[in-house]
Structure formats: structure tokens, C-alpha cells
Amino acid sequence: MSEETVSLNFIEKIIEEDLKAKKNNGAVITRFPPEPNGYLHIGHAKSICLNFGLAEKYNGCCHLRFDDTNPEKEDIEYIDSIREDIQWLGFDWGTNEFFASDYFNKLYEFAEKLIMDGKAYVDGLSPEEIRKYRGTLTEPGKESPGRNRSIEENLDLFRRMKAGEFEDGKYLLRAKIDMSSPNLNMRDPALYRIRRVTHHRTGDRWCIYPMYDFTHPLSDAIEGITHSVCTLEFEDHRPLYNWMVENTGPGHRPQQIEFARLNLTYTVMSKRKLLKLVESGIVSGWDDPRMPTISGFRRRGYTPESIRDFAGRIGVAKANSTVDIALLEHCLRDDLNKRAKRVMAVLDPLKVVIDNYPEGKVEYLEAENNPEDETMGNRKIPFSRELYIEREDFMENPPKKYFRLSPGNEIRLKHAYYVTCTGVVKDETGTVVEVHCTYDPDSKGGWTEDGRKVRGTSHWVSASHAFEGEVRLYSHLFSTEVPGEKTGDFFDDIAEDSLTILKGCMLEPSLKEAEPGEFFQFLRKGYFCVDSRDSSKGKPVFNRSVAMRDTWAKLQKKG
RNA sequence: UGGCCUAUUGUGUAAUUGGUAGCACAGCGGAUUCUGGUUCCGUCAGUGAGGGUUCAAGUCCUUCUAGGCCAGCCA
């Protein structure tokens, strides 16, 4: 065969160039720097897979660094969830777990150095004044009066800021760069603010906290990060990033590289929007199976393998784009098809009575657990005179190309027998409540020697052996590809039917012992997992992770 | 009449750096199938627009168009 040509994404190209040029002595050190102020979502998963993947590929390492410089928004509770999500995805940062707050002392020293070099000053302007002085996108800013303070006075003021002599917001440490720069980030950006807020790690030790633009590049430099990969909105910050590293840093020069964040159809992705969904009660929490959070996908039944596969397939580039969520669903099906145990579950039961099958008789029939993987073995399932099949698998007056059960038609009951419909029983409203059939004893196992053609195959459960259970059907949270595109408010596009709770489902006996986190293919219906929150011993609740592809439904839609 | 960035089939991404525009998802058609699943085969469709350089341009130059980001003491 032809040798496969591996194409590199633009970041890999940069890294390989660097490697060739012996930059950083051949080291590749990346980092994933979440702020502990919320839960991780699939967009973060893209970044995690990228950063850890790069480290893996180039024999480097990837640091986990909590970017915890804003105690007002951050909380220790998020730290554990972030760790858990990254681990669950299958990545290991070993001992390389850091906190920006661990660098507060060093950062403070860097700030003093900047002051002593005449490259930072303490400003007493109010927030409103600062905004005015900054200028606009088209007009340059004005220099603050505080800009010309002496080094001695700046140092004194800054030390007193640290010592807590001033009220919150009274002073600000600013970099002295260029108030007329067309890049607003360079117009003397804030470095330190006064905030008397208890920090989740440093407690009340500090009343001044460093800003992102100061902290991030220097944290990267301190840790020896070689390639600092972030999203596109930080492109404008890159000159500032470099300024910090060149004027302040410990010598090491990390390189910031920006890529486009992930957008998914039928989904919102920003923390702000996800928080609103949680707060409004539209979803049950951050791990609601409809949420695009990593914990939501986990509870929904997505596997880490499928998410990593997805991250690999969507690629990395600089153009803003929206990935079709069908690709994610494909990745899940692809993974689960090979791994999920097949079982039979009737979600919307319709009773079937096999008139010529002996009353009281029970047979245990052999069923394969996964046709894609023989090593998963077989199991026995009970068959008897009274069964349930899916209500949609029977029609009294079927349309063309309907291969399922209908009067006079013969179908196969998976792993069991051929049955032919002989009649129906209706209630007073005309609804079919019972279907009567005869079976062919020679078709045991679902096969006959005579080569008879049976187009339809239904799943079923034995009425007296099945147990009743709850199944939750999930679909997209939003009804439009880009929620809020028309009205500007994503709440306008929330789908009403994103969750359907089915109570009277009839499940095959083996499912009784299913444990939280286990996943199955409910034959012909989809992939389901045991809900980790609402299941109890012997009473599993199932979440539909993703439905099977359904060409019959597609045919019907077309009419 | 601010700066930075981006543009390849419906979607997402490749193209040996100037040399046959490929892959995946979605769609459509068919074959196989004890899941209307899987698998297999086929098929549709693209370089935002206009100029220019060149034997040759997705790639270089130029003009335009469209989109994204930036005026927090958030990250």
C-alpha cells in the first residue's frame, strides 16, 4: 500500500520547525491553564486534547495550571471537578500541577523590578477616568498624571498597596508602555489591583492581586513552557505577552500560539451561557446529560475515547468555525458499536400473545452480546407465550416498505422465532392493546433451513420476566443550529422536547444488575447508559446517549 | 476614515511550500445483514470576488468583499 502521509496542523508545524532549529533544546512543554471558576466543557476538551496531545507526541509534558488570580469568581470546588474531568479524558499531568497563586511572591518581585526599571507606575485614577484616558478604537489615549511619578514614589506606593494601606480600588499598578498604541492592550495595562477578598488558597495573605496579562506570561516563563497555546481572542494580547516576558521574566521565552475555539451546532458553549442554563433551571445542573460540559457528556454516556477521537477529527486551525454535532455523535456510535453489549429493551411496550405457544412454557434462548466482538460472549434470554414488542413495530394498516409486524405478515423475533400476526385486540377507543400471533417452532433461534425470506426483525422481552424501568430520552437542547442567531437571545431557541422520560419501559432481566456508568446498545433503539445520579441498586435509570442511525425514520419523513 | 486575525464542496479540515484539489462527517443511490444498526461500493459538491506575475496559482503580488476579536481594576 501507499505510505500514509501524515498532515500536521499549524501548531505541529511550528513545533517541528522549532525542533529542527533546536529551539528550547528540543523540549516541548505545554500547559492547560483553566480558571477555577466553572465546569469544563467540550471546548476545553479540545484544548486539553491539543495540549496534552502535543506533549505526548513530542515527548514533552503538559502542565496543569490553575489560573487563580481572581478570588472574586473562583472557588476551590471547581478545582476537583477540573482534575476529575481531565483524568477522565485520559490525561495525566503527573506532578506538574501548579497554581498561579503559588507564584504570587515571585510575581510581586517582578512587579517591583518593573517599577525600578521605570516600566510600571502606580496610578490613582478612578475606573471611570481610566476608561476615559484609554481613548477609543480610533483615537489614542491620554497619559495619566500618575505616569510620571518617580521610581521611589511608585515603589513606596506599591509597597503600601501590598501592606493594605489603601482602600480597594484606590490605586492600580500599571505597565508603562504606550497610551497611543493602536492595540488597546498596550495602553498601559493594569498589572495589580487592590481587592480585599479571601483567596481560596492564599487566604487573606494578599490584598493585591495580579492581572491575567501580567500573571499568565510570567507563569509560563517560570514553568519553562515552550508553546503556550490559547484561543483566538488573545491574539491582541500577544504583543503584551511578549513585552512581559522580555521586560520582566526569568529569562525563558515561551511562545504564545492562538487557535480557534470550538463551536458546536445546536449548542451554546460559553461559561456564561451555560451558567444561565443552570441558574434558570432549564437543565438540572452542570452535569445534566444535555449540557456540553465534560461532566454532562460523561453522565450522558459519552466515552472519553469518543471525545478524544472527535478532538482529533475536528483539527486545529485559526478560522472560526462551527462543527456539526453529528460528527460528535458519529464518534460515539463508532466507539460504542464496537464495545457496547447488546440487550433488548422495549421502550413503548405492546403486548404480543403467541397463541400456539404452550402456556407456562419458558425457553432460554442463546443471544450474542455483540456481533462486532465474539469475545463478548453470549447470554440466555427467557422466551414465553406473552411478550412485549415495541408499539411502533406493529401497524394494522402498514404503508409500503413497512417490514415490521402487521396482520398476516411474518417477522423474526431476534434470537427467538418467526411469528405471524393473526389478529389484534382493541380497547373501546380503537387503540390496539394486544397483538395475536402464531409462531413457527422450526424457526427456533430466529432461523429456518428453508431459506424463507423475513425482512423484519423485532426486539422483544418476555412479559413475565421483564422488569419495568425508567428510560430518559435526550435530544439537542436547542432547536436551531446556532442558538440565538435570529433574536440574539439563545433562550428563544430552547427546544421543548430535549428530554422525554419514559416510565413503563420493559427491560430484559439481565439489565436489573446494571451498574452506574455501564453502557449498552438497546437493540435497534440506541446506546444507553445507567444514570450515575438517579439509579439505585436493582433499579437502574437509563439515559439515551445517542440514538441509532435510523434510515426508516428518514424514509418516513420524506413521505 | 484604529489595530489584529480569518476565508478550500452543506460542515470540519488537508494539499509534498508554485505542479493531478484529498480525507472525514452529513446527504443521495446501491450491495450485504438474524439490529431499517454495522460493513462495503458508488455518487453529489469546493479554492469569497476582480485584476496581475508565471509554462503552471488554493499557494506569490494587488484591489475589493465578507466574517471574527479588542475600549474590565475578568480570564
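Lettering follows sequence order; numbering is per chain, from 1.
- The phosphate of B:rG37 has OP1 or OP2 within less than 4.0 Å of a side-chain N or O from A:Thr551.
- Of the listed nucleotides (B:rG37, B:rC70, B:rA7), B:rA7 has the atom at the smallest distance from the side chain of A:Ala319.
- Base orientation of B:rG72: syn (glycosidic angle within 90° of 0).
- Using a 4.0 Å cut-off, no side-chain N or O of A:His459 falls inside it from OP1 or OP2 of B:rU35.
- Proximity of A:Lys13 to the phosphate of B:rA15: a side-chain N or O atom is located under 4.0 Å from OP1 or OP2.
- Classification of A:Arg313 and A:Asp334 as a salt-bridged pair holds, one side-chain N sitting under 4.0 Å from a carboxylate O.
- Both A:Leu184 and A:Glu368 lie near RNA chain B, and the one whose nearest nucleotide falls closer to the 5' end is A:Glu368.
- Among the protein residues, A:Pro371 comes within range of the nucleic acid bases, having at least one heavy atom under 4.0 Å from a base atom.
- For A:Arg134, the side-chain atoms get nearest to B:rC73 when compared with the rest of B:rC73, B:rA75, B:rG36.
- Here A:Lys558 lies in heavy-atom contact (under 4.0 Å) with sugar-phosphate atoms only.
- With 3.5 Å as the limit, one finds no donor-acceptor pair spanning the side chains of A:His459 and A:Arg342.
- Ring pair A:Phe99/A:Phe66 is parallel by interplanar angle, where below 30° counts as parallel and above 60° as perpendicular.
- No engagement by A:His216 is indicated, since no non-hydrogen atom pair under 4.0 Å with the nucleic acid exists.
- Side chain of A:Ile314, nearest nucleotide from B:rC70, B:rA75, B:rG12: B:rG12.
- Nearest nucleotide to the side chain of A:Leu555, out of B:rA75, B:rG36, B:rG37: B:rG36.
- Side-chain proximity of A:Arg313 to the nucleotides B:rC73, B:rC25, B:rG68 is greatest for B:rC25.
- A donor-acceptor contact under 3.5 angstrom links the side-chain atoms of A:Gln521 to the base of B:rU35.
- Using a 4.0 Å heavy-atom criterion, one finds that A:Tyr209 contacts no nucleic acid atom at all.
- Using a 4.0 Å heavy-atom distance criterion, A:Val454 is classed as making no nucleic acid contact.
- Counting any heavy atom pair closer than 4.0 Å across all strands shown, A:Ser321 reaches sugar-phosphate atoms only and no base atom.
- The shortest distance between the side-chain N/O atoms of A:Arg272 and the OP1/OP2 oxygens of B:rA75 is not below 4.0 Å.
- A:Thr69 comes within 4.0 angstrom of the backbone, heavy atoms only, and of no base.
- Between A:His476 and A:Tyr266, the two ring planes are parallel [angle under 30°; tilted spans 30° to 60°].
- Around CD of A:Glu449, the count of heavy atoms belonging to other residues, nucleotides or ligands within 6.0 Å does not exceed 12.
- A cation-pi arrangement is present between A:Lys142 and A:Tyr133, with the terminal nitrogen or guanidinium carbon under 6.0 Å from the aromatic centre and inside a 45° cone about the axis.
- Comparing atom distances between the A:Glu35 side chain and each of B:rG36, B:rA75, B:rG3 picks out B:rA75 as nearest.
- In this structure, A:Arg333 does not reach the B:rG37 phosphate: none of its side-chain N or O atoms is under 4.0 Å from OP1 or OP2.
- In terms of phosphate contacts, A:Arg549 brings a side-chain nitrogen or oxygen within less than 4.0 Å of OP1 or OP2 of B:rU38.
- In B:rU17 the base sits syn relative to the sugar, since the glycosidic angle is no further than 90° from 0.
- Put simply, A:Thr265 has no side-chain N or O that comes within less than 4.0 Å of OP1 or OP2 on B:rU11.
- Aromatic ring pairs are classed by plane angle as parallel below 30°, tilted from 30° to 60° and perpendicular above 60°; the pair A:Tyr209 and A:His199 is parallel.
- An OP1 or OP2 oxygen of B:rA75 is reached within less than 4.0 angstrom by a side-chain nitrogen or oxygen of A:Arg193.
- With distances taken from any side-chain atom of A:Asp236 to the nucleotides B:rA71, B:rA75, B:rC69, the minimum falls on B:rC69.
- When the nearest nucleotides of RNA chain B are assigned to A:Ala326 and A:Lys318 by heavy-atom distance, the more 5′-ward of the two goes with A:Lys318.
- Considering only the side chain of A:Phe403, B:rG36 comes nearest among B:rG36, B:rA75, B:rA14.
- For A:Arg404 against B:rG36, a side-chain N or O and a base N or O form a donor-acceptor pair under 3.5 Å.
- At a cut-off of 3.5 angstrom, counting only N and O atoms as typed in the model, there is no donor on one side facing an acceptor on the other between the side-chain of A:Glu235 and the base of B:rG3.
- A:Leu125 comes within contact range of at least one nucleobase, with a heavy-atom separation under 4.0 Å.
- At the heavy-atom level, A:Phe522 lies nowhere under 4.0 Å from the strands shown.
- Note: A:Phe234 and A:His237 have perpendicular aromatic rings, judged against thresholds of 30 and 60 degrees for the angle between ring planes.
- Judged by distance alone, with hydrogens and angles left aside, A:Arg342 brings a side-chain donor or acceptor within reach of the base of B:rU35, the pair sitting under 3.5 Å.
- Between A:Lys554 and B:rG27, a side-chain N or O to OP1/OP2 separation shorter than 4.0 Å is present.
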